[in-house]
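One is the number of the first residue; the rest follow in order along the sequence.
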Amino acid sequence: MEVEEGEEGSGGGRREETVEISSENSGPMRSKSDDDFEGEGEHDHEDDDDGDDKNKKKKRKKYHRHTAEQIREMEALFKESPHPDEKQRQQLSKQLGLAPRQVKFWFQNRRTQIKAIQERHENSLLKSEMDKLREDNKSMRETINKACCPNCGTATTSRDAALTSTEEQQLRIENAKLKAEVEKLRAVVGKSSPGATASCSAGNEQENRSSLDFYTGIFGLDKSRIMETANQAMEELKKMATAGEPLWIRSVETGREILNYDEYTKVFGSEDSSINGRPKRSIEASRETGVVFIDVPRLVQSFMDVDQWKEMFPCLISKAATVDVICNGEGASRNGAVQLMFAEVQMLTPMVPTREVYFVRYCKQLNAEQWAIVDVSIDKVEDNIDASLVKCRKRPSGCIIEDKSNGHCKVIWVEHLQCQKSTVHTMYRTVVHSGLTFGARHWMATLQLQCERLVFFMATNVPTKDSTGVATLAGRKSILKLAQRMTWSFCRAICASSYHTWNKVSSKTGEDIRVSSRKNLNDPGEPVGVILCAVSSVWLPVVPHILFDFLRDEARRNEWDIMSNGGPVQTIANLIKGQDRGNAAAILKMKSKENNMWVLQDSCTNAYESMIVYAPVDTNGMQSVITGCDSSNLAILPSGFSILPDGHESRPLVITSRQEERSTEGGCLLTIAFQILTNTSPTAKPTMESVDSINTLISCTLKNIKTSLQCEDS
């Protein structure tokens with residue numbers, strides 16, 4: 001497929017030419033005249049020691065200062081359209097007697113100036129908020145420490161034990177808020193202050209002290225120790241990625257590779273898996289090889305930029321941050337970069353705890369065709385993680401990336417985790433303990449899906465059959481962006497992240513349902529007010545791909561979707577975004593006597609999991625998106641399904657593509673989630689009526705699905 005250069009993709013932003021900004025914030029802005037571009041650079045290296053003022057004036061670049069009338073006209077247009085198109089710029093340049101590129105650069109300068117002012121203001125607010133949160137957090141920790149025995153951690157007296165479970169939960173919520181604010185602040189500081197991160201050079205370290213100095217005081221780390229650990233981890237990753245038997249043995253039953261741990265300890269030595277006398281940890285090791293549609297530099301960048309990394313794996317990463325940059329690496333490729341990172345890894349259900357992990361990420365070019373990205377946890381870091389969360393540390397993990405030309409890469413992914421044993425719901429015990437949930441296969445399948453989505457997003461020669469109902473490429477891209485944002489929002493809403501507080505309730509039909517509420521004050525991407533989210537996970541004796549095809553089939557939607565009122569569903573647009581035609585974004589129209597509702601649906605499937613995410617949308621807003629307008633301010637509240645294999649490859653008596661047949665394939669784990677706006681006032685509180693309504697919605701939908709697939713007794 002042909003790809004447009006410079007388009008906005010996953011994690012990418014609008015790229016603009018570099019222009020000069022007037023230092024006078026309140027005065028008129030100045031722009032280079034055409035003469036400046038023609039003669040620019042002619043005198044850059046002339047010797048000016050002669051002291052001749054006349055020559056100096058000639059060397060000085062000329063600037064055109066706009067008149068008050070010109071600035072007033074451009075400001076008026078800027079308020080209506082900060083990004084004027086070429087036609088608007090041409091018209092304005094004629095009206096004001098300016099060259100088109102002068103108008104162009106004025107708008108670029110104005111956008112840059114406003115962005116800088118906004119970032120400085122936000123930076124200032126975030127700093128004050130972070131200081132306040134840090135003080136509150138410190139005070140809370142001191143309260144807990146006073147109430148607990150330093151040896152065993154239990155309450156010292158009945159009076160000291162007055163800290164109730166509700167208060168503990170509140171402390172954890174405040175902890176999570178503090179962490180989120182710190183992550184946001186670092187992101188802002190990183191954008192607005194180039195000197196905020198430490199570089200490899202000694203000169204920069206003297207000028208801008210790295211925040212690692214702060215973390216050294218807490219974690220007891222030093223830079224030489226980190227570099228030594230990173231280099232050792234890189235060598236281990238290369239062996240783990242390339243070795244065959246006896247280190248890796250292929251399972252006859254499942255076909256997956258299994259790490260021979262006896263051989264591992266012979267090659268790399270043993271490691272005590274207990275910490276401070278706590279029980280030993282379980283080991284999860286997996287390896288997967290695949291080909292992805294992306295070039296090496298862009299893939300490497302996706303791993304080293306934490307925002308792009310989160311966007312690449314939305315179903316796996318709920319939170320992530322670059323804690324510190326130990327070494328920036330060389331050039332744009334970041335060869336040799338080392339950074340301390342944090343991530344909260346999730347499963348798309350509140351029934352499985354998230355995993356918090358701190359680790360060092362090291363990027364290295366091995367040869368002309370190969371790169372390696374290795375992650376490894378450092379001693380003393382994970383001891384600072386909130387004890388309420390599952391403790392997890394990375395042994396050398398990561399991937400070897402090999403350039404295969406034509407925009408393709410071969411990736412060998414190794415995932416090697418050491419996790420403190422924890423209680424997992426019986427329904428998810430097999431997939432979690434087998435290493436499927438957080439293993440290499442899941443990461444690889446997600447990477448392939450996201451890279452494929454990016455290729456289809458950038459494509460300019462899309463076949464008509466893959467883009468029905470949308471006339472332009474701009475419209476196609478606008479819809480795909482909105483669908484992607486909707487799916488990201490869904491992933492954030494249904495996991496067990498510390499962002500959420502889940503309460504367990506039981507439905508009349510016996511399902512365990514988790515309910516959480518949140519308030520949206522000013523995010524234009526969601527409805528403003530109190531949002532209630534309800535999630536339930538069940539096992540069904542149905543092969544995953546059969547359930548996925550059933551739920552995304554518009555012809556059968558009225559069998560399960562209560563919103564359709566049993567009426568027909570019409571497809572207005574359908575955009576394919578992957579080689580598997582199950583990967584698609586669609587706009588559906590539900591016809592009923594009361595009204596005709598439009599629904600945006602995004603379906604995704606890969607070798608490990610599938611999702612169907614959908615949301616009702618404003619008809620007028622969606623029509624403008626179809627024409628190519630910006631969709632970032634279109635409020636959307638997604639509901640949907642996540643489908644996983646149950647991990648029992650040999651489970652008998654499950655439904656296959658023909659319901660009368662029986663197979664040895666496993667069943668599936670279905671997570672169903674609904675979100676509703678209960679009140680448009682953010683100060684309101686959820687009512688029992690709203691909780692009952694959303695519970696009924698889940699119960700009825702599950703019952704309809706089971707009835708249609710003839711598995712009511714499961």
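R361 forms a cation-pi arrangement with W309, by the criterion of a distance under 6.0 Å to the ring centre and an angle within 45° of the ring axis. With F457 as the aromatic partner, K477 meets the cation-pi criteria of under 6.0 angstrom to the ring centre and within 45 degrees of the ring axis.
The heavy-atom pair separating C363 from V300 by the smallest distance is SG-CG1, 3.6 Å. Closest approach of L482 to S631, counting heavy atoms only: CB-OG, 3.7 Å. Contact between I294 and M312 at its shortest, heavy atoms only, is CD1-CE, 4.4 Å. In this structure, A233 and V374 approach most closely via the heavy-atom pair O-CG2, 3.6 Å. Contact between Q448 and G290 at its shortest, heavy atoms only, is NE2-CA, 3.7 Å. The shortest non-hydrogen separation linking I400 to A241 is CG1-CB, 3.6 Å.
Taking the side chain as every heavy atom from C-beta outward, E236 and Q232 never approach each other to under 4.5 Å. Counting only heavy atoms from C-beta outward, the side chains of D646 and C668 never approach each other to under 4.5 Å. Side chains of C604 and L449 form a contact here, defined as non-hydrogen atoms less than 4.5 Å apart. Residues C491 and Q346 are in side-chain contact: their nearest non-hydrogen atoms beyond the backbone lie under 4.5 Å apart. At a threshold of 4.5 Å between non-hydrogen side-chain atoms, the residues R334 and K364 do not count as touching. Two residues are said to be in side-chain contact when any heavy atoms from C-beta on lie closer than 4.5 Å; Q308 and Q301 meet this criterion. Looking at heavy atoms from C-beta onward, C315 lies in side-chain contact with T446 at the 4.5 angstrom threshold. Using a 4.5 Å cut-off on side-chain heavy atoms (C-beta onward), M341 and V360 make no contact.
Screening residues 399-409 for salt bridge (charged side-chain N to carboxylate O under 4.0 Å, His left out) gives E402-K404 as the qualifying pairs, with residues at least two apart or on separate chains.
For the atom pair CD (E311) and CG (L454), the distance works out to 10.5 Å, reported to the nearest 0.5 Å. With rounding to the nearest 0.5 angstrom, the CZ atom of F490 is 9.5 Å from the CE atom of M486. Note that the OG1 atom of T289 and the CD atom of E257 stand 6.5 Å from one another [nearest 0.5 Å]. One finds the SG atom of C399 at 8.0 Å from the CG atom of D375 (value rounded to the nearest 0.5 Å). In this structure, CG on L340 lies 6.0 Å from CD1 on I226, to the nearest 0.5 angstrom. From H442, atom NE2 reaches atom CG of L316 across 4.0 Å, with rounding to the nearest 0.5 Å.
N406 contributes no side-chain N or O that, together with a main-chain N or O of H408, makes up a donor-acceptor pair within less than 3.5 Å. A donor-acceptor pair is defined here as one N or O able to donate and one able to accept, closer than 3.5 Å; such a pair exists between the side chain of T349 and the backbone of M351. Under a 3.5 Å cut-off, the side chain of T487 and the backbone N or O of A483 do form a donor-acceptor pair. The closest donor-acceptor contact from the side chain of S478 to the backbone of A474 lies at 3.5 Å or more, if one exists at all. The closest donor-acceptor contact from the side chain of D523 to the backbone of G525 lies under 3.5 Å. Distance alone, capped at 3.5 Å, is enough to place a donor-acceptor pair between the S377 side chain and the Y358 backbone. Side-chain atoms of T229 come within 3.5 Å of backbone N or O of R225 as a donor-acceptor pair. S603 places a side-chain N or O within donor-acceptor distance of the main-chain N or O of A584, the cut-off being under 3.5 Å. Judged by distance alone, the side chain of T437 and the main-chain N or O of V431 form a donor-acceptor pair under 3.5 Å. A donor-acceptor pair under 3.5 Å is formed between the side chain of E452 and the backbone N or O of Q579.
Under the 6.0 Å cut-off for aromatic ring centres, Y264 and H416 qualify, their centroids lying closer than that.
Using a cutoff of 4.0 Å between basic side-chain nitrogens and carboxylate oxygens, K238 and E235 are scored as salt-bridged. Between D466 and R581 there is a salt bridge, since a side-chain N of the basic residue sits under 4.0 Å from a carboxylate O of the acidic one. Taking a cutoff of 4.0 Å between a charged side-chain nitrogen and a carboxylate oxygen, D602 and K577 qualify as a salt bridge.
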Test side-chain contact (heavy atoms from CB on, under 4.5 Å) on L480 and Q484 and set out the steps.
CA-CA 6 Å; L480 291 178; Q484 184 183 37; over 6 Å; no
Step by step, would you call M611 with L348 a side-chain contact (heavy atoms from CB on, under 4.5 Å)?
CA-CA 10 Å; M611 276 190 291; L348 293 182; 3.5 Å; yes
Residues E263, W248; criterion side-chain contact (heavy atoms from CB on, under 4.5 Å); working and verdict
CA-CA 9 Å; E263 184 65 23; W248 293 94; over 6 Å; no
Run I612 and Q601 through side-chain contact (heavy atoms from CB on, under 4.5 Å) and show every step you take.
CA-CA 7 Å; I612 297 102; Q601 177 174 290; 3.9 Å; yes
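Between E415 and the choices R441, R287, K394, R355, the salt bridge (Lys or Arg N to Asp or Glu O under 4.0 Å) rule is met once, by K394. Among I373, I326, N231, the one residue that satisfies the side chain to side chain contact (heavy atoms under 4.5 Å, CB included) test with Y362 is N231.
Side-chain contact of S497 with E344: a donor-acceptor pair under 3.5 Å is present, judged by distance alone. No side-chain donor from either of T671 and S642 sits under 3.5 Å from a side-chain acceptor of the other.
Ring geometry, W413 versus W443: the interplanar angle falls under 30°, so the pair is classed parallel (tilted spans 30 to 60°).
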